[in-house]
Enquirer: 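Structure incoming, see below.
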Amino acid sequence: MKRLCLHTITTKPWTTEECISKYAAAGVGGITFWRYNLEGRDPAAVGRQTREAGLKIVSLCRGGFFPGKTPETRQKAIDDNRRCIEEAHALGAPLIVLVCGAVPGQPLEESRKQIADGIAAVLPDAEAAGVKLGIEPLHPMYADDRSAVNTMRQANDICDALDSPPMLGIAADVYHIWWDPELEHQIQYSAAQKRLFAYHICDWKTPTTDFLNDRGLMGEGCIPIRQISDWVDATGFKGHREVEIFSNRYWGMNQDEWLAKIVSAYQTLQK
Ligand code: ZN
């Protein structure tokens, strides 16, 4: 259970404080906050409260969304990422997950260039704050407006192009990358470059009824989670297994029962 981390968005109906107390009571080891959790709150106080509850803060979701049609839009994104780095630093989160962004109609290569430029602009801030940045490749179904980075290889290419800065790496989420024939190799390569920063789990349902908010609980879909987890662990990865499930169906459930289901699915996965 120490390696189990929950993304707060998984239990979206709960307040920040409820997530902290309920996860801790369930024996969950880590928590990844989403930025909405910090709204109207002092991030440093949320951080203290979390550590006092015995939870490890794994990351803050999310930065990114760097591409834009105009320099002004792109600058706004850079400014927002700088604020995100400040929040993560105050919170005590060692990592920010980057959903890198895309602009519908703009060539993906151009968006990827803008993403690399945006990351390069905020890297010194991340370094000064001691906060790592993890590029999360997103499933190609989100290539229109959420991310032009759709494979581990593309994420690795950006890290390589920026001379592999130690603060920059990858957040690998099975939902986005399970289908990739290069996956095992790319996991190994990322780890060898010391840039495999985070590992997210959930499942892919058939049929998926909503592109965004119909993720499955581990075990109810077709993702070979054990296989991918074994590949990740075989690299020496000792980080958390972060459950991140956007689901209208599960958000509609009693959240205590939902949390119990998650813990049980996680334990089944360990057997
Ligand atoms: Zn994720």
Enquirer: Considering only Ile, Leu, Val, Met, Phe, Trp and Tyr, and joining two whenever side-chain heavy atoms are under 4.5 Å apart, list the other residues clustered with F197.
Expert: L95
Enquirer: Above 12 or not: heavy atoms from other molecules or residues under 6.0 Å from NZ of K205?
Expert: yes
Enquirer: Any side-chain donor-acceptor pair under 3.5 Å between Y189 and D160?
Expert: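 Y189 vs D160: donor-acceptor pair found between side chains.
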Enquirer: If we ignore hydrogens and angles and just use 3.5 Å, is the side chain of T73 paired with the main-chain N or O of G68 as donor and acceptor?
Expert: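 Not confirmed, T73 side chain does not pair with G68 backbone.
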Enquirer: Is it true that E17 and R41 make a salt bridge, defined as a side-chain N closer than 4.0 Å to a carboxylate O?
Expert: yes
Enquirer: Answer with yes or no whether the side chains of S247 and D214 bring together a donor and an acceptor at under 3.5 Å.
Expert: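 Per modelled atom types, D214 and S247 side chains form no pair under 3.5 Å.
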Enquirer: Which pairs pass side-chain hydrogen bond (donor to acceptor under 3.5 Å, both in side chains) with one or both residues in residues 122-131, sequence neighbours excluded?
Expert: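 Pairs touching residues 122-131 that pass the test: R82-D125.
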Enquirer: Any donor-acceptor pair under 3.5 Å linking the side-chain atoms of S229 with those of Y199?
Expert: yes
Enquirer: Please work out which of the three classes, parallel, tilted or perpendicular, describes the rings of W178 and W204, given edges at 30° and 60°.
Expert: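 Geometry flag for W178 against W204: tilted rings.
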Enquirer: Looking at S147, is its backbone amide N or carbonyl O close enough to the side chain of N150 to form a donor-acceptor pair, meaning the two atoms are under 3.5 Å apart?
Expert: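 Checked: pair present.
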Enquirer: Taking the ring centre of each residue, are W34 and F246 less than 6.0 Å apart?
Expert: yes
Enquirer: Name all pairs fulfilling the ring pair (Phe, Tyr, Trp, His ring centres under 6.0 Å) condition that reach into residues 141-163, sequence neighbours left out, sorted by first residue then second.
Expert: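 Every pair satisfying ring pair (Phe, Tyr, Trp, His ring centres under 6.0 Å) with a residue in residues 141-163: Y142-H176.
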Enquirer: Decide whether Y23 and T11 meet the rule of one side-chain donor and one side-chain acceptor closer than 3.5 Å.
Expert: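 Short answer, yes.
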Enquirer: Look at D80 together with R83 and state whether they make a salt bridge at an N to O cut-off of under 4.0 Å.
Expert: yes
Enquirer: For a quick check under 3.5 Å, do R3 and Q270 share a side-chain donor-acceptor pair by atom type?
Expert: no
Enquirer: Which side-chain hydrogen bond (donor to acceptor under 3.5 Å, both in side chains) pairs, counting each pair once, include a residue from residues 96-124, with sequence neighbours left out?
Expert: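 Listed by first then second residue: Q106-S111, Q106-Q114, E110-Q114, K113-D117.
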Enquirer: Are L196 and L183 in one and the same hydrophobic cluster, where Ile, Leu, Val, Met, Phe, Trp and Tyr link if side-chain heavy atoms are under 4.5 Å apart?
Expert: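 Yes, L196 connects to L183 through the hydrophobic network.
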Enquirer: Do E87 and R62 sit within salt-bridge range, that is, some charged N less than 4.0 Å from a carboxylate O?
Expert: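 Not counted as a salt bridge, because no side-chain N and carboxylate O are separated by less than 4.0 Å.
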Enquirer: Side chains of residues 161-174: which donor-acceptor pairs under 3.5 Å do they make with residues two or more places apart or in other chains?
Expert:
from: S164; atom 1: OG; to: R195; atom 2: NH2; distance (Å): 2.8
from: D173; atom 1: OD1; to: Y175; atom 2: N; distance (Å): 2.9
from: D173; atom 1: OD2; to: R215; atom 2: NH1; distance (Å): 3.4

Enquirer: Under 3.5 Å, is there a donor-acceptor pair between the Q186 and N156 side chains?
Expert: yes
Enquirer: Has the side chain of Q75 got a donor or acceptor atom that lies under 3.5 Å from a matching backbone atom of E72?
Expert: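 It does not hold such a pair.
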Enquirer: List the atom pairs, with distances to 0.1 Å, where a side-chain N or O of residues 129-139 and a protein N or O form a donor-acceptor pair under 3.5 Å, not counting sequence neighbours.
Expert:
from: E136; atom 1: OE2; to: H200; atom 2: ND1; distance (Å): 3.0
from: H139; atom 1: ND1; to: M141; atom 2: N; distance (Å): 3.0

Enquirer: For the hydrophobic clusters of this structure (ILVMFWY residues joined by side-chain heavy atoms under 4.5 Å, transitively), does one cluster hold both V58 and L269?
Expert: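 Cluster IDs for V58 and L269 differ.
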Enquirer: Look at the side chain of R226 and the backbone N and O of K271, then say whether any donor-acceptor pair between them is shorter than 3.5 Å.
Expert: yes
